[in-house]
Amino acid sequence: MKPRRLRGLRARLVVAFGLVAGVAAATTGALTFREARIGVLQQSQDAVIGQLRARLSERAPELPYPPGESTLRRFATDVAAADTSGSWRVLVTYRELSASSVPGDTFAELTPAVRTAVASSRATVFQRVNEGGRTSLVVGMSVTFGEPDGSRLASGVRVFLVVPQTTEQAYVDALVSAVERAMVPALALAVVLALFAARGVLVPVRALRHATRRMAEGRLDTRLDVNGSDELAELSHAFNETAAALETSVAELREMEARARRFAADVSHELRTPLAAMSAVTDVLDEDAARLDPDTATAVRLISEETLKLARLVDDLMEMSRFDAGAAVLHLDEIDLAESIRRTLAARGWSDTVNAELPPPDAARGRVDPRRLDVVVANLVGNALRHGAAPVGVRLEVHGSDARAAVIGVRDSGPGIPDDVLPHVFERFYKSDTARSRSEGSGLGLAITAENVRLHGGTVRAANHPDGGALFTVELPLRRDESTEEHPS
Amino acid sequence: MPRVLLIEDDRAVREGVALALRRQSHDVSAAATGEDGLAQLRSFRPDIVVLDLMLPGMPGLDVCRGIRAVDQALPIIMATARGDEVDIVIGLEAGADDYVVKPVTARVLDARIRAVLRRAGGPPAGTGLPKIDTYGELTVDRAGLTVSLGGESISLAPSELRLLLTLSASPGQVFSRQQLLEAVWEHDFHGDARLVDACVKRLRTKMAEPPRAPRYIHTVRGFGYRFAAP
C-alpha cells in the first residue's frame, strides 16, 4: 500500500509543487544575491580606493625623496591612519625597501601577480582575496610625481593596502541566510497549496472511482454531481453520459432478452394444448396401427412417436424457460441420496442395465430437491445409455469431512466425447456430428441437468475416463438441517 | 366402469382425451365449461372429475370449490397446461387430490385415475382393525371413514382423509413427505412433495388448527410431518 501511496497523485503533486517552489526560490535568491553582492562589494571597493587615492594625493608630496626605511614606515602608518576604524594595513615599498603600518606583517594576501601588475602599470590594481574564510581587498598603486610638462613620473614608491571585508562578508552572509530562510516558508506554502490542489483533483477523481465501482457492481443508475466547468467536471459529465447510454442499452438488451424468453415460454405454452390432444390419442393410434395397411401403420406409428418426442421437447423448453425466468425454485427435503438414485433407476426400468455403486443407507443424507435430483440422474444416465455404450455405471460417493458434498459419477463404455465437443455438451440443443445425431433426446437434457445442479449450488463436469467412455461428474453440496421442530409438542 | 367427468374447454383435447379414456374402458362424459360440468354432477353422477385449470368463464379453481361444496368425497384430478409451481400449488390447495401437467398420454391419465379411485375406495393399508380413535376433540372413525371435531363432523376430500388416517395411525411417528406420498398417493417414485404440503394445509384449515401452533399435525422442519394427540 505504501509504495502505491508514494506514487499517488497527491504525493506527485506535492513533490512537483515543492520542486517548482524550490527552483523558483533558489533562482530568484541566487540572482538577487549575486546582484546584491556585486553591488555591496563594488561600493566598498570604490570607497576604499577613493579614500586611499585621496590620502596618497594629500601625503605623498610630503614624502622625502628618496625615502629611507623609517620614512617609509612613517608614511605607511600615516596612510593607514586615514581609516579611522584602524582596519587598514598598509605596505610601502621603494626598490628593495619595504615598510608596513603593522610591524612584522607578512602581507600573505599580497600575491606576486598584484606586485607585478602594480610594477608594470600606473593604474590602480585591486584584487579580492579569500584566505582562511576571510575576504580581504588588496589594493596596490604607484606614487607618481607630476612634472611641470604635465606628464607623470613613477617615483618607484608603491603602496599596497589590505582591507578586511568582514562587514561586507557579514552582509553577504546575511543575504544567503535570508534567501535560505525565505525558501522554507515558500516550500511549506507550496506543499500546502499542493495539498489543496490535490484535494481539488482527488475529490472528483475519488467520486469517479466510487461511481465506476458501483457501475461495475451493476448499479447502472449511478450518476456524478457535476460542479464547475473544468476538465474534471467535463470528465464527470462524460461519465454520466456514458452511464446513461449504458443504462439505456442494458435496459434495451434486458427488454429484448425478456421478450425473447417470454416468446419461448409463450410458444411452448401454446404448443401444449394441441399436444395435449395429440398425446391423449397416441395410445389409440398405436393400438390400431396393427390393423391398418403397412404404409398407413408406419405413418400412424411415426406420428405417435413424434408426438411424444414433441411433448418431451416442449416439456424441456418449459423447464428451460422457467430457469431463464428465474422461476425455478428448490424444494429442499432431507433424503437419502443413494435411495433416491436407486428409485430413479427403478422407475425407468434401468435397475438391471445400469451398474450402481451406492453407499449404504443413511451414509449419504442431505437436503436436496428430490424431484430435481431425479431429473439430474435420469438425464445423465439416459444420456449415457443413448449416446454411450453399455455397461453404464452410476457411482455415489460422499466427500469432505462430515459428509459435506456428494459426488455422483455417471460413466459409459462408449467411444467417449471428442475433445472439441466436450466444452459444449451442456449447451442447449448442442449436437455433435458423430454419435449425437438427432435421437430421442430433446437436446436440452444436459442443459437442464446443468441448471438443476447449479440451482443446488453444485457443479457438473464432462470428461473422458482414462479407461475409455465418457464420465459425467456431479458435485452437490450436502446441506444438513438439524431436525429442529417448528412446533415442539 | 368408472364414470369420469371431463371438464375441458379445448375441443381437440376434450375429444382426444374422451376417446382415449373410453378406449381404456371408462364411462366418460365431457363438459366444455365449468358451468356445464357442475350441471352434469347430478345427472351423470361421476366417480371422478378430471378438471382443466384454465377455463373460459368460470375458472377451474371456482369449479373445484363448487364441486367440493356439493360433494366433499368426490375425487378431483386437475389437468393443467401450466406446469409452473404456483399453478400446481394453487390447484392443490383448492382441493384437488392429484394433478397432471398437460400434455399427458391417456395411459398415464388412466393410471392416475385408477390410483385416485383405489385410494378413495377403501381405508389405507396397514391401518389395522377398524375402530374409533379419539385424540382430544378429534374423533376418527376408521370403519365409517368419518372424522369429527368437537362432536361436529367435518367432511374431508379423499386425499385429506387418507392423509389424516395415515398420520393418526401412528401418533408420534415422523413421516417424511416421500413416505406420505407413497402411503397416501401411491406415487412409487419421486412424486411431488407439494402434494403433501398442500394437503396438510387444507387439512389444518378444516380441522381449525391455529396457523402458528397446530395441535394435531406438527411440521418437522426439513423432514416431514407428525401426528400428535394433545
Q. Chain B heavy atoms under 4.5 Å from R342(A): which part of the residue, side chain, backbone, both or neither?
A. neither
(Q) A quick test of your reading: do over 12 heavy atoms of other residues, nucleotides or ligands sit less than 6.0 Å from CZ of R114(B)? (A) yes
**Q.** Where A106(B) and A280(A) come nearest, the two heavy atoms and their spacing
**A.** CB-O, 3.2 Å
Q. What part of Q24(B) is in contact with chain A, defined as an atom under 4.5 angstrom from a non-hydrogen atom: side chain, backbone, both or neither?
A. side chain
Q: Give, as side chain, backbone, both or neither, the part of V104(B) having an atom under 4.5 angstrom from any heavy atom of chain A.
A: backbone
Q | V101(B) and R272(A), any side-chain heavy atoms less than 4.5 Å apart | A | yes
**Q.** chain B contacts, top residue of V314(A), T307(A), D288(A), L271(A) (heavy-atom pairs, under 4.5 Å)
**A.** D288(A)
Q: Using non-hydrogen atoms and a 4.5 Å limit, figure out which bit of T282(A) sits close to chain B: side chain, backbone, both or neither.
A: side chain
Q. Going from CG on D283(A) to CZ on R23(B), what distance comes out if it is rounded to the nearest 0.5 angstrom?
A. 10.0 Å
Q. Which bit of L308(A) comes within less than 4.5 Å of chain B, counting heavy atoms only: side chain, backbone, both or neither?
A. side chain
Q | Contacting region of E319(A) [heavy-atom separation from chain B under 4.5 Å] | A | neither
Q.
Quick check for you: to the nearest 0.5 Å, what is the distance between T273(A) atom OG1 and M54(B) atom CE?
A. 6.5 Å
Q | Nearest-0.5 Å distance, OG1 of residue T105(B) to CG of residue D286(A) | A | 10.5 Å
